[in-house]
Amino acid sequence: QLHGMKWIQFIDSGGQLQYHDILPLFIQDPIVTIFALNLSEELSHHPTIEYYGADGKPVSRPYQSSLSHKQILQHGLGAVHSRDAHPMIAIVGTHRDVEERCTESRKEKEQQLQTLLDPNHFHVLYNGEGMNKVIFAVNCQSPGAEDRHIASLLKANILSKCSKKLTKLPLAWFGLESQLRMSSHDGMLSLSECIQLAERVYIKESALFAALHHLVHHNLFLYYPEVLPQTVFCDPQVVL
């Protein structure tokens, strides 16, 4: 909470299968894990996989996945459940504007998803009252009033699950986060550079490590003092 407002931090981890098992290394104690599904394709469809670099350019040739959307989701749910006995899950359906291309109705998708989202293992965020709608369907390309309404429902749902207990933090820590991000080279900084930047926001070297611990705990930065004590990662994608 800052300036009387609650802030939600979203981390786009990449939905490719290869990233699922290493997510616990980079994302600690998330309030909710959001999975995105393409509503214009059947859950049995094997999607085309493409990889892009930080500059938005493709870094490999596209190929068709050996697994279906449903199987990929099932694998991702397993990875999330491995680090949390009862994780909170939300399902966002994209491409609502071209959903009619799909031969599988949304209701049929909902029924299949229900078989994967066992309430004994997952705390599911539902779209509206009841437990029959798990998909928050939106048009991300050209969002309209309905899409903004759905987004606000999801946001309110997430905020209602946040801890009521607030932790007071020095305002200078927010300034430190901004300084480190703006000054990083390819997503990284040396520890000595961090010390110099901390001095700009009046954080002494002795207090820097407490601030770094906070930034790492909230998945903002990565720092491995036992292995790379002189390097701070300001962008997790650098490690990936």
Kindly give the heavy-atom pair with the smallest separation between Ala210 and Trp173, and that separation in Å. O-CH2, 3.7 Å
Classify the side-chain pair Ser190/Glu193 by whether it contains a donor and acceptor separated by less than 3.5 Å. yes
Common cluster, Leu215/Met182, ILVMFWY with side-chain heavy-atom separation under 4.5 Å: no
Under 3.5 Å donor-acceptor, Asn157 side chain and Tyr126 backbone: yes
Distance-only, no hydrogens or angles: does the Asn139 side chain make a donor-acceptor pair with backbone N or O of Arg96 under 3.5 Å? no
Between Phe122 and His86, does the ring centre distance come in under 6.0 Å? no
Verify the cluster assignment for Val201 and Phe209: are they in a single hydrophobic cluster under the rule of side-chain heavy atoms below 4.5 Å apart? yes
Quick one, Ile89 and Ile34 - any side-chain contact, counting heavy atoms below 4.5 Å? no
For the CD atom of Glu100 and the OG atom of Ser40, what is their distance to the nearest 0.5 Å? 9.0 Å
For the side chain of Arg200 and the backbone of Gln179, is there at least one donor-acceptor N/O pair under 3.5 Å apart? no
Is the number of heavy atoms from other residues, nucleotides or ligands under 6.0 Å of Glu205 CD greater than 12? no
Counting neighbours of NE2 on His123 that are heavy atoms of other residues, nucleotides or ligands and sit closer than 6.0 Å, is the number greater than 12? yes
Closer than 3.5 angstrom, by distance alone: can the side chain of Glu177 be matched with the main-chain N or O of Phe174 as a donor-acceptor pair? no
State the SG-CG distance between Cys194 and Leu180, to the nearest 0.5 angstrom. 5.0 Å
Step by step, would you call His69 with Glu42 a side-chain contact (heavy atoms from CB on, under 4.5 Å)? CA-CA 8 Å; His69 283 300; Glu42 295 80 9; over 6 Å; no
Can you tell me if CD on Gln111 sees more than 12 non-hydrogen neighbours from other groups inside 6.0 Å? yes
Joint cluster assignment, Leu222 & Val227, ILVMFWY side-chain distance < 4.5 Å: yes
Please check this pair: side chain of Gln64 against backbone of Ile49, looking for a donor-acceptor N/O pair closer than 3.5 Å. no
For Pro47 and Glu41, which heavy atoms make the closest approach, and how far apart are they? CB-OE1, 4.4 Å
Between the side chain of Ser65 and the main-chain N/O of Leu67, is any donor-acceptor distance below 3.5 Å? yes
Compare every heavy atom of Ser44 with every heavy atom of Ser68, then report the nearest pair and how far apart it is. CB-O, 3.4 Å
Minimum heavy-atom separation for His121 and Pro87, please, with both atom names. O-CD, 3.2 Å
Tell me, do Thr231 and Leu191 make a side-chain contact under 4.5 Å, heavy atoms counted? no
Please round to the nearest 0.5 Å and tell me the distance separating atom CD of Glu110 and atom CD1 of Ile91. 9.5 Å
Would you say the side chain of Leu125 lies within less than 4.5 Å of the side chain of Leu154, judging by non-hydrogen atoms? yes
To the nearest 0.5 Å, tell me how far Phe136 CZ sits from Asp147 CG. 13.5 Å
Tyr223 side chain vs Leu228 backbone, donor-acceptor pair below 3.5 Å: no
Run the salt bridge (charged side-chain N to carboxylate O under 4.0 Å, His left out) test against Glu99 and tell me which residues pass, sequence neighbours left out. Arg106
May I have the step-by-step check of salt bridge (Lys or Arg N to Asp or Glu O under 4.0 Å) for Lys109 and Glu104, ending in yes or no? CA-CA 7 Å; Lys109 283 187 173 69; Glu104 180 180 71; 3.4 Å; yes
Derivation of the side-chain contact (heavy atoms from CB on, under 4.5 Å) call for Ile203 and Leu197: CA-CA 9 Å; Ile203 295 178; Leu197 291 168; over 6 Å; no
Stepwise side-chain contact (heavy atoms from CB on, under 4.5 Å) check, Thr94 with Leu39: CA-CA 6 Å; Thr94 64; Leu39 294 178; over 6 Å; no
Going only through I, L, V, M, F, W and Y residues with side-chain contacts under 4.5 Å, is there a path from Tyr202 to Leu208? no
Once you round to the nearest 0.5 Å, how far does OG1 of Thr48 lie from NE2 of His46? 11.5 Å
CG of Leu189 to CZ of Phe221, rounded to nearest 0.5 Å, is 7.5 Å
Measure the shortest side-chain to side-chain distance between Leu73 and Leu116 over non-hydrogen atoms and say whether it is less than 4.5 angstrom. yes
